[in-house]
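First the structure, in the form of structure tokens, and then the observations on it.
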There are 2 protein chains.
Amino acid sequence: MDEQVPRDFETLRATILDRRESLPKRIAQIAAYALDNPDDIAFGTAASIAASAGVQPSTLIRFAQQLGFDGFTSLQQVFRERLRERNSSYDERLQALRAKAEGGAGHRAIFDGFVAAASTSLNDISRTLDDANLEEAIALLAKAQTIYVLAKRRSYPVATYIAYALGKLKIRNQLIESAAGLNAEMVSFATPADAVIAISFSPYAPATIEEARAISEQGVPIVAITDSSFSPLAQFARVWFEVAEADFAGFRSLSATMALAMALTVGVGEKRRDAGRRRKA
Amino acid sequence: MDEQVPRDFETLRATILDRRESLPKRIAQIAAYALDNPDDIAFGTAASIAASAGVQPSTLIRFAQQLGFDGFTSLQQVFRERLRERNSSYDERLQALRAKAEGGAGHRAIFDGFVAAASTSLNDISRTLDDANLEEAIALLAKAQTIYVLAKRRSYPVATYIAYALGKLKIRNQLIESAAGLNAEMVSFATPADAVIAISFSPYAPATIEEARAISEQGVPIVAITDSSFSPLAQFARVWFEVAEADFAGFRSLSATMALAMALTVGVGEKRRDAGRRRKA
DNA sequence: GCCAATATGAAATAATAATTCCAATCCATA
DNA sequence: TATGGATTGGAATTATTATTTCATATTGGC
């Protein structure tokens, strides 16, 4: 018996490619289809796959048998296993990272912990972000004459990134910060024709809250990124996003907030470009 | 009919979690199993899944029906679809999202793009980061009297985050930035007993390079985070990290750099604490 | 503690899908 | 171009799997 049944996808693939030349026409046809559409093989029924590949179900079974399987079903297992492994790798790796980080095995573990926290946060936010909310925020910001950016302490890096990106997109913006302690004055220039992006997480920096309150009392609409509906920022905001960042070693990730911030920024850029184009036309 | 059938996995998951409380015991049991072992649902037969979850096949079908599906088979489709999608690698997904965003597919696509870019970057860096390099950098920084942080433009948010974290850890640090244009003077205070974290990506901000050169000429050791071995920063650095961030819509992610920055920061914090403890003992 | 409504288990049934079989066709070779 | 073997198509058969049904158990309200 020189027939070694390929148990994993890569071996199977190699075997098929190897024999390609010597396969009968219809078998070759289904072989090509299998390598091109492995997902279909994993999920389809013999009949549906055969139809998609343009052959008879029986041919599909002969193909499987020629490879040493005892039928289509066992061939299909290989294709399913492949999907399973590919898919689990990500979650499992995250799990492993977290476990290793918990175990405290040197500095690599710290790094892994931050990577895991960031990944988790990204997963969470892409699950929970509300599309309508995003549209509303972008629409609001796109109308603004000047976009003010307000964030301190832990959220400050996000603010600087937003300011950088807005600048690159040639969107007028003002980061509310001042070495000279002129924040209050800066805030007082904002009008209802402007808008604010405010970012703050618990424990909320008092200055951020205070400035957000002042600016909202002037009628300037606020888009807030914060961590719960109890956040004082949420009550001043016209639109607000709840972002739950995972933490590690006492520091919360910023990855989800960053992704959202970029989406807002670039979204505003696009919306303005579209509006401009429409006006010209 | 108020029954909205969840067509995608996330919606389904949310629906299940939402109703969790009100589900009968066995149904709840299979619901929990489904969320814990989605792969098994995708590939198993009703009988095999029911057995693994410790319920009857009929319960599984009732579960599906309660969610608004017309049977187990249509519920299973959702789990299969999830595998299909998840399976496409991050790179492929990023590619697809880019195309989608180009085509003007709404703002959600932009957001998804940034999330995908961040995830890709995190994947890459956790694959490529060299442990020894990390140890060396942390050892070097832990010895420093003052840690100077140097980064402009796109990398500036990372610098502010490092400065924030170092501050929280009570590690003396100095962000090299000055509204008054006194960077050169600031740099001149650094001595070989200090250290620098410098971050710069192509196109390298000339000021960063210039200051890095000046500071290295004073014998101050530099830990650099940059994007290639050809980076001018790499040549001034005692230790350097190559970080390849994925980009989307013209903006590169910062997630990998952030994770590395946090690992460095917290690593230094730990190393100092350990050293302090040893000295006391 | 009893009743009705609801939930569960187990087996029967229906549906679906894989496999087999055989006749028809194709192809290489003499 | 005739012949044997290999290949293929399509329907029949068999196996597997989902679903339904109904008897039994459990639960919650009075």
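Order of the sequence lines fixes the chain letters, A, B, ..., with proteins taken first and strands second; residue numbering starts at 1 for each chain. Predicted model, so just to flag it, every value in this text is computed and none were measured.
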Next item on the list: Any ring pair (Phe, Tyr, Trp, His ring centres under 6.0 Å) involving residues 119-143 of chain A? Give me the pairs, sequence neighbours left out, ordered by first then second residue.
Entry: none

Item checked: Lys152(A): salt bridge (charged side-chain N to carboxylate O under 4.0 Å, His left out) partners, not counting sequence neighbours -> Glu211(A)

Item checked: Nucleotide dT19(D), atom P - distance to CZ of Phe69(B) in whole Å -> 12 Å

Listed pairs under 3.5 Å, donor-acceptor, residues 44-53 of chain A side chains, sequence neighbours left out:
| residue | atom | partner | partner atom | Å |
| --- | --- | --- | --- | --- |
| Thr45(A) | OG1 | Ser48(A) | N | 3.1 |
| Thr45(A) | OG1 | Ser48(A) | OG | 3.3 |
| Ser48(A) | OG | Thr45(A) | N | 3.0 |
| Ser48(A) | OG | Thr45(A) | O | 3.0 |
| Ser52(A) | OG | Ser48(A) | O | 3.0 |

Next item on the list: Apply salt bridge (charged side-chain N to carboxylate O under 4.0 Å, His left out) to Asp247(B) and list each qualifying residue two or more places apart in sequence or on a separate chain.
Entry: Arg98(B)

Next item on the list: Would you kindly give the CD1-to-P distance between Ile41(B) and dA18(D), to the nearest whole Å?
Entry: 11 Å

Checklist line | Qualifying ring pair (Phe, Tyr, Trp, His ring centres under 6.0 Å) pairs with a residue from residues 46-80 of chain B, counting only residues at least two apart or across chains | finding: Phe9(B)-Phe79(B)

Next item on the list: Send over the distance from Gln77(A) CD to dT16(D) P, rounded to a whole Å.
Entry: 13 Å

Checklist line | Angle between terminal axes - the helix from dG1(C)-dC30(D) to dA30(C)-dT1(D), 5 pairs each end, rounded to 10° | finding: 30°

Margin query: I'd like to check Leu129(B) versus Val115(A) (side-chain heavy atoms, cut-off strictly below 4.5 Å). Are they in contact?
Written below: no

Notebook entry, point to check: Reading nucleotides 7-23 of chain C from the 5' end, what letters show protein touch, with B for base, S for backbone sugar-phosphate only, - for no heavy atom under 4.0 Å?
Noted result: SBBB------SSBBB--

Next item on the list: Report the residues that fulfil salt bridge (charged side-chain N to carboxylate O under 4.0 Å, His left out) with Arg238(A), sequence neighbours left out, ordered by chain and then residue number.
Entry: none

Checklist line | Residues which pass salt bridge (charged side-chain N to carboxylate O under 4.0 Å, His left out) with Asp131(A), listed by chain and number, not counting sequence neighbours | finding: Arg108(B)

